[in-house]
Amino acid sequence: DDMMMPPMNDDTEDGAHMLHFPDIPMYTLHEGMDVRGYDITMRYCHTSAWNCAKRCGSTDGCVAFTYAGGEHAGMRCCYLKSEVHLGPFRAGDSGATYVMDGAMGGMDHAHDDGHDQMHDGDGSMAMGM
């Protein structure tokens with residue numbers, strides 16, 4: 001099995017080239033974006049984005065997954081995420097994050113509503129004074 005492994009210095013390039021980011025129904029693709037932390041389970045490697053999506057869909061609390069390869073990320077690895085905080089990948093890694101439809105929308109709306117209520121509250125208090 002070890003004989004099949006490419007030499008170390010080719011690893012990152014091969015890993016990057018072997019990453020495929022298909023359009024997956026119910027998910028929005030953010031290519032080149034990582035989520036640091038918020039891992040729900042151990043990572044799964046040597047897998048496909050489709051498998052990540054299946055795992056995410058059947059895992060409670062999963063709203064997104066990062067599918068990545070590289071020095072730190074490993075070979076074609078899947079990281080299930082409980083929260084979505086998109087940012088750049090570390091040097092040497094590449095990949096994409098898939099966000100479940102409605103996950104970010106839901107979070108954003110909740111956020112906006114909170115702000116609106118606060119503003120309305122402040123506004124009416126100011127007027128009452």
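Residues: numbered from 1 along the sequence shown.
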Under a single-linkage definition using a 4.5 Å side-chain heavy-atom cutoff for Ile, Leu, Val, Met, Phe, Trp and Tyr, are Y38 and F89 assigned to the same hydrophobic cluster? no
Gap between atom [atom2] of [Y] and atom [atom1] of [X] - 0.5 Å precision:
X: M100; Y: T28; atom1: CE; atom2: OG1; result: 11.0 Å
X: T66; Y: D93; atom1: OG1; atom2: CG; result: 11.0 Å
X: Y27; Y: T97; atom1: OH; atom2: OG1; result: 12.5 Å
X: C77; Y: H72; atom1: SG; atom2: NE2; result: 13.0 Å

Give the C-alpha distance, both sets of side-chain angles, the deciding distance and a yes or no for ring-ring contact (aromatic ring centres under 6.0 Å, His included) between Y79 and Y44. CA-CA 7 Å; Y79 299 81; Y44 304 96; 9.4 Å; no
Any side-chain heavy-atom pair from I24 and L29 closer than 4.5 angstrom? no
Please check this pair: side chain of R43 against backbone of A73, looking for a donor-acceptor N/O pair closer than 3.5 Å. yes
Closer than 3.5 angstrom, by distance alone: can the side chain of K81 be matched with the main-chain N or O of V35 as a donor-acceptor pair? yes
H30 and Y98: aromatic ring centres closer than 6.0 Å? no
Please list, chain by chain and in numerical order, all residues satisfying salt bridge (charged side-chain N to carboxylate O under 4.0 Å, His left out) with R36, sequence neighbours excluded. D34
Shortest non-hydrogen contact from [X] to [Y]?
X: C52; Y: T47; value: SG-CG2, 4.1 Å
X: L19; Y: G95; value: CD1-CA, 4.0 Å
X: A64; Y: V99; value: CB-CA, 3.9 Å
X: F65; Y: A49; value: CZ-O, 3.6 Å

side-chain contact (heavy atoms from CB on, under 4.5 Å) between D39 and L80, intermediate numbers included: CA-CA 6 Å; D39 293 323; L80 303 188; over 6 Å; no
Quick check: are the SG atoms of C56 and C62 less than 2.5 Å apart? yes
Aromatic Y67 / basic R76 pairing, under 6.0 angstrom, 45° off normal: no
Start with the C-alpha distance between N51 and C78, add both sets of side-chain angles, then the distance that settles side-chain contact (heavy atoms from CB on, under 4.5 Å), and finish with yes or no. CA-CA 8 Å; N51 280 336; C78 178; over 6 Å; no
